[in-house]
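Notes to accompany the following structure.
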2 protein chains.
Amino acid sequence: MDRFKDVLKASNLKSTHQRLAILDCIDMFGHIDVDTLYEAILRKYPTMSKATLYRNINDLISFHILEEVKLPNQKQQYEIKKVPHIHLLCTHCGCVEDVFVETKTLLDAVKDKSGFTISNSFIVMNGTCELCSSQVISNNTQNTCSLEMQTL
Amino acid sequence: MDRFKDVLKASNLKSTHQRLAILDCIDMFGHIDVDTLYEAILRKYPTMSKATLYRNINDLISFHILEEVKLPNQKQQYEIKKVPHIHLLCTHCGCVEDVFVETKTLLDAVKDKSGFTISNSFIVMNGTCELCSSQVISNNTQNTCSLEMQTL
DNA sequence: AATAAATAGGATAATTAATATCTTATTAAG
DNA sequence: CTTAATAAGATATTAATTATCCTATTTATT
Ligand SMILES: [Mn+2]
Ligand SMILES: [Mn+2]
Ligand SMILES: [Zn+2]
Ligand SMILES: [Zn+2]
C-alpha cells in the first residue's frame with residue numbers, strides 16, 4: 001500500500017497525509033485540474049489549505065513526480081509523471097486519455113526540416129472519444145468518462 | 001496595406017486602431033505573450049488599456065483570427081491563425097518556430113489505437129534551435145532569435 | 001460632409017488565481 | 001521520547017483576468 005511513500009522518500013520529501021492525498025487523488029483521476037482536485041481532497045481533509053495544494057503541486061513538479069498537462073481551451077491539468085505519451089481530449093465529455101504510440105518518425109521529420117535538436121514533445125489531440133461517438137448524444141448531454149470520486 | 005482590415009470586416013468587427021495594432025504586432029512577432037505584447041503596443045498607443053488588450057485577444061480568438069499557443073513551462077502565447085502546424089520551442093533562447101510537416105501518419109496511428117475521432121492536434125516540441133546549437137553558448141547567455149520590436 | 005446607431009475603448013472595480021510570510025504542527029531520525 | 005527539519009494552515013500580498021459603466025470612435029446612411 002501507499003506506493004507514493006517510496007516515491008516521496010526517494011526525493012527526500014516527507015510523507016505527509018496531505019501529499020499522499022494529493023498523489024492518490026491525482027492518480028485516481030488520471031488527469032485533473034487544481035480546482036477539481038481541491039474540491040475532491042476537501043472531502044477527506046476538510047482543513048487543507050489551498051496554499052498547501054499549490055505549494056505541493058509545484059514542489060512535486062519540480063521533483064518530477066507530477067507533470068502538468070496543458071490542454072487547448074481548458075484549464076491546466078496535472079498527472080502522475082509516467083513515460084512520454086500523447087493526450088486525447090474529448091471535446092464532448094471532457095475526458096482525457098493517454099495513448100502510447102511511437103512518435104520517432106514525426107520527431108525525425110521535424111528535426112530534419114527545422115534543424116532543431118528535439119528533447120521532448122507535447123502532443124494533444126482534440127476529438128470525440130469512443131464512448132461519445134457510440135452514443136448518439138444530444139448537444140446538452142454530457143458523458144462522464146472521467147472518474148467520479150467516491151471515497152478517496 | 002492593412003490586410004487585417006479585410007480580416008476584421010469579414011467578421012463584422014470594426015477596424016479600430018487598437019485592433020489593427022494588436023494584429024500587426026502579433027504578426028510581426030510571430031508568437032507573443034500578453035505582457036510582451038502590451039509593452040510593445042504601449043510604445044505606439046501609450047493610452048491603451050490592458051482591459052482592451054484582453055478583451056480583443058479573446059474576441060479575436062472566438063472569431064478564429066487569433067489562436068492561443070500553449071507552451072510547456074511558459075506563459076501562454078498568441079499568433080495569427082494559420083494552417084495547422086507544429087511549434088518548436090528553443091529552451092535556450094525561448095524562440096518559437098513553426099514547422100509544417102505531415103502528421104497524418106501519427107494521427108492515424110493514434111486513431112487506430114484509441115478509437116478516438118480526431119479533429120485537430122496541438123504539437124509542441126522542446127529543444128535547441130539551430131542558432132543556439134551552432135553557437136557554443138555559456139549557460140547564462142541568451143540568443144535573441146525572437147524579433148525585437150523597432151517601431152511597429 | 002453631417003447624422004445616428006452600433007460598437008468598442010478607457011478607467012476602474014471586482015474577481016480570481018497564485019504566491020509569500022509567519023507561526024504552529026508534524027514527520028522522521030536518533 | 002526528544003529534537004531538528006520540514007511542512008501545514010491562516011492570512012496577506014501580488015498578479016492575472018474579467019466586468020461595469022460611461023465616453024469615444026467607427027461606419028452606414030443620408
Ligand atoms: Mn497522461
Ligand atoms: Mn505558430
Ligand atoms: Zn467523450
Ligand atoms: Zn535558440
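Quantities reported herein were computed from a predicted structural model and do not represent experimental measurements. Numbered from 1 within each chain, the chains take letters A, B, ... in sequence-line order.
The phosphate of dA17(C) has neither OP1 nor OP2 within less than 4.0 Å of any side-chain N or O from Gln76(A). Distances shorter than 4.0 Å separate some side-chain N or O of Tyr54(A) from OP1 or OP2 on dA18(C). Distances shorter than 4.0 Å separate none of the side-chain N or O atoms of Ser49(A) from OP1 or OP2 on dA8(D). For the OP1/OP2 pair of dA8(D) and a distance below 4.0 Å, the side-chain nitrogens and oxygens of Arg55(A) include at least one atom meeting the criterion. OP1 or OP2 of dG9(D) sits under 4.0 Å from a side-chain N or O of Gln18(A).
Looking at the side chain of Lys14(A), the nearest of the listed nucleotides dA8(D), dA8(C), dA7(D) is dA7(D). Set against dA29(C), dT18(D), dT19(C), the side chain of Asn58(A) has dT19(C) as its closest nucleotide. Nearest to the side-chain atoms of Thr16(B) among the listed nucleotides dG9(D), dT7(C), dG9(C) stands dG9(C). The side chain of His17(A) sits closest to dT27(C) out of dG10(C), dT26(D), dT27(C). In the set dT27(D), dA16(D), dG9(D), dT27(D) carries the atom at the smallest distance from any side-chain atom of Ser15(B). With dG9(C), dA8(C), dA29(C) as the candidates, the nucleotide lying closest to the side chain of Asn56(B) is dG9(C). Among dG9(C), dA28(C), dG9(D), the nucleotide with an atom closest to any side-chain atom of Thr52(B) is dG9(C).
Checking Ala51(B) against Arg19(B), the closest nucleotide of DNA chain C that is more toward the 5' end is the one next to Arg19(B). Nearer to the 5' terminus of DNA chain D, by closest-nucleotide assignment, is the contact made by Leu13(A) (compared with the other of Leu13(A) and Asp35(B)).
At most 12 heavy atoms of other shown residues, nucleotides or ligands fall within 6.0 angstrom of atom NZ in Lys111(B).
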Where do Met125(A) and Val110(B) land on the side-chain contact (heavy atoms from CB on, under 4.5 Å) test, with the steps shown first?
-> CA-CA 9 Å; Met125(A) 297 179 188; Val110(B) 170; 3.8 Å; yes
Can you list the steps and then say if Asp27(A) with Lys82(A) is a salt bridge (charged side-chain N to carboxylate O under 4.0 Å, His left out)?
-> CA-CA 11 Å; Asp27(A) 190 43; Lys82(A) 36 185 96 89; over 6 Å; no
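If you measure from atom CG of Leu53(B) to atom C1' of dA8(C), you get 14 Å, rounded to the nearest angstrom. In this structure, CG of Leu20(B) is placed 15 Å from P of dT25(D), rounded to the nearest angstrom. Remark: C1' of dA16(D) and CG of Leu37(B) are 15 Å apart, rounded to the nearest angstrom. The separation between Asp2(A) atom CG and dT27(C) atom P is 13 Å, rounded to whole Å. Separating the CD atom of Glu39(B) from the P atom of dA15(D) is a distance of 15 Å, rounded to the nearest angstrom. The nearest whole Å value for the distance from the CD atom in Gln74(B) to the C1' atom in dA16(D) is 17 Å. We find that NZ of Lys75(A) is positioned 12 Å from P of dT18(D), with the value rounded to whole Å. Summarising the geometry, the separation between OH on Tyr78(A) and C1' on dA17(C) is reported as 11 Å, rounded to the nearest angstrom.
Taking the six-membered ring where tryptophan is involved, the planes of Tyr45(A) and His17(A) are essentially parallel, since the angle between them stays under 30° and well short of 60°.
At distances below 3.5 Å, at least one donor-acceptor pair connects side-chain atoms of Tyr38(A) with backbone N or O atoms of Met48(A).
To the nearest 0.5 Å, atoms CZ (Phe116(A)) and CD1 (Ile86(B)) are separated by 12.0 Å.
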